Amino acid sequence: MNENIYQQLPLGFSALGMHSGIAKKKDKLDLALFLSNCPAKVAALFTTNLVKAAPVLVSRAHAAKGWAQAIIVNSGCANACTGKRGLTDAENMARETGRALEVDEEQVLVCSTGVIGQYLPMDRILRGIKTLAAQARALAPNASAQTAVRAIMTTDTVPKVAVAQSRIQGKTVTVWGCAKGAGMIHPN
């Protein structure tokens, strides 16, 4: 994969990842932050499944407001089928990310991927959020997103990232995206 692709985020966006201790392997990145330097218009699609994980419920409510500034993503634990505690944990992830970045918590989307039916190790995640927020403040816009892309991977064997640029009315427009997923059953 062209390593330069990680340097081509749109202006004003940054992304980074780290090992926070969710993953059992010490060298596995498992917490990612995607950040805009100002509120950005958001559009999102969510599962139509009747069973929705806590991060889906929180992010759907936040995205409905139309604006987002950050996405916090953990891998290794899906925070799915975890009841009220799972919902509280997802809300706390948004709240603490917002607090650490000094942005409105309702402009923080939360994503979790991994094992279903387990609770998040919130002490590790909250420490990781503080670390990522401090690192994000030190990064220049367009900082490398390679660690963030790797941090969202679970059973994936390769990172999935793409970028496209075009000139519109004399200005360069960049669309950059990453995804995760391997072995999904009818992801629809």
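Predicted model, so just to flag it, every value in this text is computed and none were measured.
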Do you know the tightest heavy-atom contact between [X] and [Y]?
| X | Y | value |
| --- | --- | --- |
| Leu33 | Ala136 | CD2-CB, 4.0 Å |
| Val51 | Cys81 | CG1-SG, 4.2 Å |
| Asn92 | Met122 | CB-CE, 3.9 Å |
| Gln8 | Thr174 | O-CG2, 3.2 Å |
| Gly114 | Ala78 | O-CB, 3.4 Å |

**Q.** Lys41 atom NZ, over 12 foreign heavy atoms within 6.0 Å
**A.**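 Atom NZ in Lys41 is crowded, with more than 12 foreign heavy atoms closer than 6.0 Å.
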Q: Count the heavy atoms of every other residue, nucleotide or ligand shown that sit under 6.0 Å from CD1 of Ile168, and state whether that count exceeds 12.
A: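 Yes - once you tally the heavy atoms of other residues, nucleotides and ligands closer than 6.0 Å, there are more than 12.
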Q. Just by distance, do the side chain of Asp30 and the backbone of Gly21 share a donor-acceptor pair under 3.5 Å?
A.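 Yes, because the side chain of Asp30 sits within donor-acceptor range (under 3.5 Å) of the backbone of Gly21.
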Do [X] and [Y] make a side-chain contact, defined as non-hydrogen atoms from C-beta onward lying under 4.5 Å apart?
| X | Y | answer |
| --- | --- | --- |
| Ile125 | Asp89 | no |
| Lys52 | Thr47 | yes |
| Arg150 | Pro159 | yes |

Could you pull out all donor-acceptor pairs under 3.5 Å where a side-chain atom in residues 58-76 meets a protein atom, sequence neighbours excluded?
residue, atom, partner, partner atom, Å
Ser59, OG, Pro55, O, 3.1
Ser59, OG, Val110, N, 2.7
Ser59, OG, Val110, O, 2.7
His62, ND1, Glu105, O, 3.3
His62, ND1, Val108, O, 2.7
Gln69, NE2, Ser36, O, 3.3
Asn74, OD1, Ser112, OG, 2.5
Asn74, ND2, Cys77, O, 2.9
Ser75, OG, Lys28, NZ, 3.4
Ser75, OG, Ala151, O, 2.7

Output the distance between atom [atom1] ([X]) and atom [atom2] ([Y]), rounded to the nearest 0.5 Å.
| X | Y | atom1 | atom2 | value |
| --- | --- | --- | --- | --- |
| Arg85 | Leu120 | CZ | CG | 8.0 Å |
| Leu126 | Arg124 | CG | CZ | 11.5 Å |
| Ser14 | Leu16 | OG | CG | 6.5 Å |
| Gln146 | Ile5 | CD | CD1 | 11.0 Å |
| Asn37 | Phe13 | CG | CZ | 7.5 Å |
| Glu102 | Arg137 | CD | CZ | 6.5 Å |

Under 4.5 Å between side-chain heavy atoms, counting indirect links through other Ile/Leu/Val/Met/Phe/Trp/Tyr residues: same cluster for [X] and [Y] or not?
| X | Y | value |
| --- | --- | --- |
| Tyr6 | Leu9 | yes |
| Met93 | Val103 | yes |
| Val149 | Leu29 | no |
| Met153 | Leu31 | no |

Q: Check the pair Val161, Trp176 against side-chain contact (heavy atoms from CB on, under 4.5 Å), reporting the backbone distance first and the verdict last.
A: CA-CA 8 Å; Val161 60; Trp176 184 96; 3.3 Å; yes
